[in-house]
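The analysis underlying the following values was restricted to heavy atoms, covering all of them including side chains, and did not include hydrogens, waters or symmetry mates.
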Amino acid sequence: MASSFVIACVGKPSAGKSSFLNAVTDASAKVGNFPFTTIEPNEGIAYYPVACPCAKMGVSERCKPRHGWCEGGRRHVPVRLLDVAGLVPGASEGRGLGNQFLDDLRHADVLIHVVDASGTTDASGRETRGYDPVDDIQWLRQEVEAWIWGNLDRKWAGVVRRHVAVKASPVETLHAQLAGYGTPRDVVQRALDRLPRELVGEFSRWEAGKELRRFVGAFLDERFPTI
């Protein structure tokens with residue numbers, strides 16, 4: 001049994017996400033050189049080595065952890081990795097497998113962006129030459145941010161009215177809207193702490209296209225840190 005910590009491998013189609021998953025876990029995901037080889041998320045278990053307290057206590061020979069294993073004073077902690085369907089520009093508006101891909105991210109704690117640095121696949125995963133992989137890093141973040149912002153934007157006027165009516169705090173109101181992303185309250189608070197205090201104090205006047213969008217950028221950094 002793995003820990004509850006989940007890492008999702010993200011990126012455009014044909015970037016090598018399934019190959020990466022197979023290389024670092026016990027998975028055997030299907031690999032293909034055509035877009036959307038992966039439809040449903042593939043899952044594997046990787047093991048992260050850390051120092052085990054048993055070595056300090058001198059009981060290494062008796063150490064039998066419930067999850068993973070211990071060898072020579074090193075604990076191998078199981079971590080779940082997901083390989084989700086490829087993301088393409090416009091996914092936040094439903095292009096490609098956008099809605100399914102983005103919904104799969106709700107289960108992740110951290111994202112690993114797998115980038116094809118060869119420049120031989122375009123933003124949609126099709127074969128090409130001379131493509132700049134830096135573009136992938138920029139638009140992928142933009143799509144995830146647009147997905148979260150779009151979900152809030154559609155109901156923002158009603159959210160603000162209720163916020164004022166019940167005299168809630170900004171963190172209470174935002175947490176109620178973001179809990180569906182597997183977000184604990186302290187993550188919402190940390191995102192708010194990234195904003196100027198005077199801006200948070202004017203929460204009831206936030207406009208969806210300005211202050212809310214700025215908050216979503218801060219929230220993305222806290223909720224879905226990406227490497």
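With values rounded to the nearest 0.5 angstrom, W147 atom CH2 is found 5.5 Å from L105 atom CG. Put simply, CD on E207 and CG on L212 are 10.5 Å apart, with the number rounded to the nearest 0.5 Å. I45 CD1 to H67 NE2: the interatomic distance, rounded to the nearest 0.5 Å, is 11.0 Å. Between E145 atom CD and Q142 atom CD the span is 8.0 Å, to the nearest 0.5 Å. Once rounded to the nearest 0.5 Å, the distance linking CZ of R205 with CD of E211 reads 10.5 Å. Taken from OG1 in T173 to CG in L178, the straight-line distance is 10.5 Å, to the nearest 0.5 Å.
Looking at T128, its side chain never comes within 3.5 Å of a backbone N or O of R126 through a donor-acceptor pair. W156 contributes no side-chain N or O that, together with a main-chain N or O of W149, makes up a donor-acceptor pair within less than 3.5 Å. Distance alone, capped at 3.5 Å, is enough to place a donor-acceptor pair between the K17 side chain and the K12 backbone. In this structure, R62 contributes its side chain and C54 its backbone to no donor-acceptor pair below 3.5 Å. In this structure, K155 contributes its side chain and Q177 its backbone to no donor-acceptor pair below 3.5 Å. In terms of modelled atom types and a separation under 3.5 Å, the side chain of E222 and the main chain of V188 share no donor-acceptor contact.
Side-chain atoms of N151 and Y181 form a donor-acceptor pair, as typed in the model, at a separation below 3.5 Å. For the residue pair S118 and D116, a side-chain donor N or O sits within less than 3.5 Å of a side-chain acceptor on the partner.
In this structure, the side chains of D104 and L82 stay at 4.5 Å or more apart for every pair of heavy atoms. R194 is listed as a side-chain neighbour of D221, based on a closest heavy-atom distance under 4.5 Å. Taking 4.5 Å as the limit, some side-chain heavy atom of R214 sits within range of a side-chain heavy atom of P196. Side-chain contact check for F20 versus D83: every heavy-atom pair is 4.5 Å or farther apart. A 4.5 Å side-chain heavy-atom check between V79 and I7 finds at least one atom pair inside the cut-off. Using a 4.5 Å cut-off on side-chain heavy atoms (C-beta onward), F215 and L195 make contact.
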Test side-chain contact (heavy atoms from CB on, under 4.5 Å) applied to V166 and E172, step by step: CA-CA 11 Å; V166 303; E172 289 171 337; over 6 Å; no
Can you list the steps and then say if F219 with L174 is a side-chain contact (heavy atoms from CB on, under 4.5 Å)? CA-CA 10 Å; F219 172 75; L174 288 169; over 6 Å; no
Could you walk me through whether R75 and C63 pass the side-chain contact (heavy atoms from CB on, under 4.5 Å) check? CA-CA 9 Å; R75 177 79 62 87; C63 185; 4.1 Å; yes
Does the side-chain contact (heavy atoms from CB on, under 4.5 Å) test come out yes or no for F5 and V110, once each step is laid out? CA-CA 9 Å; F5 192 79; V110 175; 3.5 Å; yes
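In this structure, R161 places its CZ atom where only 12 or fewer heavy-atom neighbours from other residues, nucleotides or ligands lie under 6.0 Å away. Crowding of R74 atom CZ: a count of heavy atoms from other residues, nucleotides or ligands under 6.0 Å exceeding 12.
Across every non-hydrogen atom of S18 and N42, the tightest pair is OG-ND2, 3.9 Å. Shortest non-hydrogen contact noted between A108 and A8 is CB-CB, 3.6 Å. When every heavy atom of G182 is checked against every heavy atom of P184, the shortest pair comes out as O-CD, 3.4 Å. Among all heavy-atom pairs drawn from V164 and S204, the shortest one is CG2-CB, 3.9 Å. Looking at every heavy atom in both residues, A208 comes nearest to D153 through CB-OD1, 3.1 Å. The two atoms that bring G90 and E143 nearest to each other are N-OE2, 2.7 Å, heavy atoms only.
Connection of V115 to W139 is not established within any shared hydrophobic cluster, with ILVMFWY side chains joined at heavy-atom distances below 4.5 Å, either directly or through further cluster members. Hydrophobic clustering of Ile, Leu, Val, Met, Phe, Trp and Tyr side chains at less than 4.5 Å, counting indirect connections, unites I227 with L81. Clustering ILVMFWY residues whenever any of their side-chain heavy atoms sit less than 4.5 angstrom apart, transitively, puts I137 in a cluster other than the one holding I148.
With sequence neighbours left out, the ring pair (Phe, Tyr, Trp, His ring centres under 6.0 Å) criterion links H76 to W69.
Tested against Y131 for a side-chain hydrogen bond (donor to acceptor under 3.5 Å, both in side chains), the candidates T121, D122, D136 yield a single pass: D136.
With respect to R80 and D109, no salt bridge is recorded, no charged nitrogen being found less than 4.0 Å from a carboxylate O.
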